[in-house]
Amino acid sequence: MNISINRRVYQSHPYHLVDPSPWPISTSFALLVVTIPAVMYMHGFQNGGQLLNLGIILLSTGICLWLRDIIVEGTYLGHHTEQVKKGLTIGFTLFIISELMAFFSVFWAYFHSSLSPTVEIGGSWPPLGLEILDPFAIPLLNTILLLSSGAFITYAHHAIIKGNRRSSILGLFLTLVFATIFTALQYYEYLEAGFTIADSVYGTVFFASTGLHGFHVIIGTLFIGVQFIRILNHHITTTHHIGLESSIAYWHFVDVVWLFLYAFVYLWSAPNL
């Protein structure tokens, strides 16, 4: 602790030299423990599910402890100077770009099959024999929910900038409620779908694209949930809210991706449109 304080007092630059931390390597190891058992579980290997649960616990623990250290260094130790904030913003922007590339690959697979259907799937898109989901049922409701959540989190952002903490809390709370309902409806849609991920290329790209997006919605919900807890504990102020801004940028990214998913995977694939 004394070393960190002395560094802050005597350093002649606005950057923060991060102390050695065990969380990056432990989180990387936990990701490996998640990935291999996930493949084992999907292929029916014995004890694959138990190992997957262990990996998820290790990953969650590492992320929570790593996030705790970042909050401490930024909120309590004051290491997040304006220059550090710029670096964090650039880093998070590059992270979102990397996420965009992941969705780009999924859309590439979708358009590769939909624009030129092969004879193996009947020469039509969607493939013959599949009962496609109604885009004006749950998907439309989810679109309204997700766009509304984006509006509420933007409202929360403007409120905290103006110093209106109560309105910001309300905006974040409504965002979390709408995000949770979105995930629940998506889960219900999966249960009621008349096809699986193994049913033709359509089933594969449908569950791969919407599932990847659903995973990002869950991560974004947790991200916003952390900011909600922080604002309740007075960690976020009008001048110190880089974490909140990052969660908002992530959520808007999720919103935009969903609009493309709804337009192409749901609407464009509907046989009666």
Side-chain angles (χ1 to χ4, degrees), residues 34-35 37-57 59-60 99 102-103 105-107 109-110 113-114 121-122 124-150 152 174-225 250-251 253-273:
V34 167
T35 304
V39 175
M40 294 173 60
Y41 174 74
M42 293 176 187
H43 287 79
F45 281 81
Q46 187 176 9
N47 299 323
Q50 290 82 347
L51 290 175
L52 178 59
N53 291 332
L54 174 61
I56 293 174
I57 293 174
L59 180 62
S60 301
E99 295 291 283
F103 281 101
S105 64
V106 176
F107 277 109
Y110 177 83
S113 297
S114 62
I121 60 174
S124 65
W125 189 263
L128 298 175
L130 289 184
E131 183 181 350
I132 307 304
L133 297 171
D134 183 4
F136 297 108
I138 291 180
L140 179 59
L141 177 57
N142 268 348
T143 301
I144 296 173
L145 288 172
L146 206 57
L147 293 180
S148 299
S149 69
F152 280 120
L174 292 175
T175 301
L176 290 172
V177 171
F178 281 23
T180 303
I181 297 175
F182 175 94
T183 302
L185 288 175
Q186 184 109 43
Y187 177 72
Y188 176 77
E189 181 182 71
Y190 281 178
L191 293 178
E192 296 298 315
F195 55 91
T196 68
I197 194 172
D199 288 326
S200 183
V201 65
Y202 179 83
T204 301
V205 295
F206 174 84
F207 283 101
S209 58
T210 58
L212 182 63
H213 177 268
F215 176 74
H216 281 74
V217 170
I218 294 174
I219 296 300
T221 304
L222 295 175
F223 196 178
I224 296 170
Y250 188 86
W251 197 248
F253 164 73
V254 170
D255 283 348
V256 172
V257 170
W258 175 257
L259 290 178
F260 280 94
L261 285 174
Y262 181 70
F264 294 108
V265 176
Y266 287 100
L267 277 177
W268 190 25
S269 297
N272 296 326
L273 295 179

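The chain is numbered in sequence order, starting from 1. Values below: every heavy atom of this structure, side chains too, minus hydrogens, waters and symmetry copies. Owing to the predicted nature of the structure, the values given are computational and were not obtained by experimental measurement.
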Under 3.5 Å, sequence neighbours excluded: what are the donor-acceptor pairs made by side chains of residues 209-221?
| residue | atom | partner | partner atom | Å |
| --- | --- | --- | --- | --- |
| Ser209 | OG | Val205 | O | 2.6 |
| Ser209 | OG | Phe206 | O | 3.1 |
| Thr210 | OG1 | Tyr190 | OH | 2.7 |
| Thr210 | OG1 | Phe206 | O | 2.6 |
| His213 | NE2 | Val254 | O | 3.0 |
| His216 | ND1 | Leu212 | O | 2.7 |
| His216 | NE2 | Glu99 | OE1 | 2.1 |
| Thr221 | OG1 | Val217 | O | 2.7 |

Test item: Ile138 and Leu133 side chains (from C-beta on) under 4.5 Å apart, heavy atoms
no
Find the distance between OH (Tyr202) and OG (Ser113) and round it off to the nearest 0.5 Å.
12.0 Å
Answer yes or no: is there a side-chain heavy-atom contact under 4.5 Å between Tyr266 and Ile132?
no
Please, which pairs that meet side-chain hydrogen bond (donor to acceptor under 3.5 Å, both in side chains) have at least one residue in residues 124-141, sequence neighbours excluded?
Tyr110-Trp125, Trp125-Ser269
Strictly by side-chain hydrogen bond (donor to acceptor under 3.5 Å, both in side chains), give each pair with a member in residues 39-50 just once, sequence neighbours left out.
none
Indicate yes or no for a side-chain donor-acceptor contact from Ser105 to the backbone of Ala102 under 3.5 Å, with no hydrogens or angles considered.
yes
Tell me, do Leu146 and Phe178 make a side-chain contact under 4.5 Å, heavy atoms counted?
no
Validation row: Ser149, Phe182 side chains within 4.5 angstrom (heavy atoms)
no
Under the rule for side-chain contact (heavy atoms from CB on, under 4.5 Å), what residues qualify as partners of Leu51, not counting sequence neighbours?
Pro37, Met40
Evaluate the side-chain proximity of Trp258 to Asn142: yes if any heavy-atom separation is below 4.5 Å, no if none is.
yes
Over all atoms of both residues, closest heavy-atom pair of Tyr262 and Pro135:
OH-O, 2.9 Å
Who passes side-chain contact (heavy atoms from CB on, under 4.5 Å) against Val177, sequence neighbours left out?
Phe173, Ile181
Heavy-atom closest pair (Gly203 atom, Phe195 atom, distance to 0.1 Å) is CA-CD1, 4.0 Å
Closest non-hydrogen atom pair, Val106 against Ala208:
CG1-C, 4.4 Å
Only counting residues at least two apart or in another chain, list the ones meeting side chain to side chain donor-acceptor pair (under 3.5 Å) with Thr196.
Asp199
Under the side-chain contact (heavy atoms from CB on, under 4.5 Å) rule, collect the residues that match up with Leu147, sequence neighbours excluded.
Thr143, Leu259
Which residue pairs pass the side-chain hydrogen bond (donor to acceptor under 3.5 Å, both in side chains) test when at least one of the two sits in residues 175-188, sequence neighbours left out?
none
Leu267 CG to Phe136 CZ distance, which is reported to the nearest 0.5 Å
5.5 Å
Report the relative orientation of the aromatic rings in Tyr250 and Phe253; use parallel for angles under 30°, tilted for 30 to 60°, perpendicular for over 60°.
tilted
